[in-house]
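Atom set for the values below is all heavy atoms of this structure, side chains included, hydrogens, waters and symmetry mates excluded.
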Amino acid sequence: MSFISLHSILSQSEVNGPGERLVIWFQGCSKGCVGCFNPGTWKSSRNWLETPQRLAEYVISSNPGGLTLTGGDPLEQPTVLLEFLKELHKGVPESLRADFLPRGIICFTGYRLDELRGNALECVDYCDLLIDGRYVQELHYTNGLAGSSNQEFHFSSHSGRGEARIKREEILIDHSIEVHVDAEDASLIRVTGFPHVDRKFLKNLGLSIDDSSDRSDLGV
């Protein structure tokens with residue numbers, strides 16, 4: 001049995017792509033980009049393990065407007081990610097198929113498209129939008145759905161996919177963030193989107209950013 005190593009899941013977000021989206025953070029990234037906001041996702045240790053089948057079932061049952069895959073780097077787990085994407089597409093009931101994920105699938109990766117091979121490249125075929133390239137702190141910008149200006153947007157060319165689901169003008173937006181307060185500990189917050197947050201400042205306010213995995217959405 002194969003497992004995906006996950007960092008966290010957020011069932012509803014409006015700052016990780018257009019519309020209301022379910023966001024999955026994958027655990028593990030070997031690139032270590034300076035200035036990355038999610039260094040807690042770098043370690044490749046088997047963090048929170050989930051089968052591709054169960055993860056797909058959760059997404060289907062949630063029936064979100066859109067799905068965003070980020071991390072970490074989803075494409076550092078290409079074999080199990082491909083299993084998940086295949087399960088996701090074949091598992092949707094016929095009655096839901098026409099309206100499932102109307103805002104598409106977005107995948108962030110630190111690899112460039114021309115670096116991808118094999119299963120990783122096949123994963124891209126299931127996505128409506130791939131945002132590729134390493135984060136470069138000196139090229140940081142705030143005018144689109146990426147962290148730095150070197151990162152590129154690759155839309156699917158399949159009929160009814162890509163820009164039919166995600167308009168180009170929808171990703172050329174000012175950066176914004178969401179702050180989610182932990183349901184059990186109000187001193188823990190999760191900041192998502194494209195933030196620049198001074199953790200020392202938060203500490204002085206008695207707050208800290210929750211970098212741990214969040215399993216509550218899958219009920220485990």
Side-chain angles (χ1 to χ4, degrees), residues 4 6-26 37-38 41 50 52-75 77 80-110 113 122-133 143-147 151-180 190-195 214 216-218:
I4 301 175
L6 302 176
H7 183 266
S8 58
I9 293 176
L10 192 59
S11 59
Q12 293 183 343
S13 174
E14 296 184 2
V15 297
N16 288 279
E20 191 171 278
R21 314 184 70 80
L22 189 153
V23 187
I24 302 174
W25 284 267
F26 287 67
F37 184 71
N38 292 314
T41 65
E50 196 54 74
Q53 294 77 15
R54 179 165 167 163
L55 186 60
E57 288 169 2
Y58 170 71
V59 174
I60 292 168
S61 66
S62 300
N63 196 19
L67 174 65
T68 296
L69 310 175
T70 184
D73 193 330
L75 293 182
Q77 300 182 63
V80 287
L81 174 59
L82 184 58
E83 284 186 51
F84 161 69
L85 291 169
K86 287 181 176 180
E87 288 287 338
L88 186 63
H89 281 76
K90 77 179 184 182
V92 180
E94 189 70 36
S95 60
L96 293 177
R97 202 156 289 170
D99 299 318
F100 185 64
L101 295 178
R103 306 312 302 273
I105 299 175
I106 296 174
C107 181
F108 288 86
T109 180
L113 181 59
E122 191 173 346
C123 287
V124 176
D125 200 47
Y126 285 86
C127 298
D128 294 277
L129 172 61
L130 179 77
I131 301 174
D132 75 340
N143 299 320
L145 194 64
Q151 295 171 323
E152 296 187 9
F153 304 118
H154 304 275
F155 288 90
S156 171
S157 59
H158 293 301
S159 176
R161 303 274 303 283
E163 291 191 69
R165 293 182 174 183
I166 303 169
K167 305 299 183 187
R168 189 172 293 269
E169 59 267 24
E170 291 182 303
I171 62 171
L172 300 176
I173 55 175
D174 291 336
H175 285 180
S176 57
I177 65 170
E178 291 171 344
V179 178
H180 298 262
R190 179 189 293 181
V191 181
T192 184
F194 291 86
D214 178 4
S216 59
D217 281 336
L218 278 176

Trainee: Can you tell me how far the CZ atom of Phe100 sits from the CG atom of Leu67, to the nearest 0.5 Å?
Mentor: 7.5 Å

Trainee: Salt bridge or not between Arg97 and Glu94? Use side-chain N to carboxylate O under 4.0 Å.
Mentor: yes

Trainee: Just how far is it from atom CZ of Phe108 to atom CG of Leu129, taken to the nearest 0.5 Å?
Mentor: 7.5 Å

Trainee: Set out, in order, the CA-CA distance, both residues' side-chain angles and the distance that settles side chain to side chain contact (heavy atoms under 4.5 Å, CB included) for Leu88 and Tyr126, then state yes or no.
Mentor: CA-CA 10 Å; Leu88 186 63; Tyr126 285 86; over 6 Å; no

Trainee: Is a side-chain donor or acceptor of Arg165 paired with a backbone partner of Ile105 at a separation under 3.5 angstrom?
Mentor: no

Trainee: Might you work through the salt bridge (Lys or Arg N to Asp or Glu O under 4.0 Å) test for Lys86 and Glu83, ending with a clear yes or no?
Mentor: CA-CA 5 Å; Lys86 287 181 176 180; Glu83 284 186 51; over 6 Å; no

Trainee: Say whether, by atom type as modelled, one donor and one acceptor occur between the side chain of Gln151 and the main chain of Gly133 under 3.5 angstrom.
Mentor: yes

Trainee: Once you round to the nearest 0.5 Å, how far does CG of Leu55 lie from CD1 of Ile60?
Mentor: 10.0 Å

Trainee: Determine yes or no for a side-chain-to-main-chain donor-acceptor pair under 3.5 angstrom, with Asp132 supplying the side chain and Thr109 the backbone.
Mentor: no

Trainee: Does Arg103 reach the main-chain N or O of Glu20 with its side chain, forming a donor-acceptor pair under 3.5 Å?
Mentor: no

Trainee: Which atoms form the tightest heavy-atom contact between Cys127 and Cys123, and what is the distance?
Mentor: SG-O, 3.5 Å

Trainee: Measure the SG-CG distance between Cys107 and Leu81 for me, rounded to the nearest 0.5 Å.
Mentor: 6.0 Å

Trainee: Hey, could you give me the CG/CG distance between Asn16 and Leu145, rounded to the nearest 0.5 Å?
Mentor: 7.5 Å

Trainee: Report the C-alpha separation of Val92 and Leu101 in whole Å, then their side-chain angles, then the decisive distance to 0.1 Å, and conclude whether the side chain to side chain contact (heavy atoms under 4.5 Å, CB included) test is met.
Mentor: CA-CA 10 Å; Val92 180; Leu101 295 178; over 6 Å; no

Trainee: Determine whether the side chains of Asp128 and Ser156 contain a donor N or O and an acceptor N or O closer than 3.5 Å.
Mentor: no

Trainee: Report the distance from atom CG of Leu22 to atom CG of Leu69, rounding to the nearest 0.5 Å.
Mentor: 9.5 Å

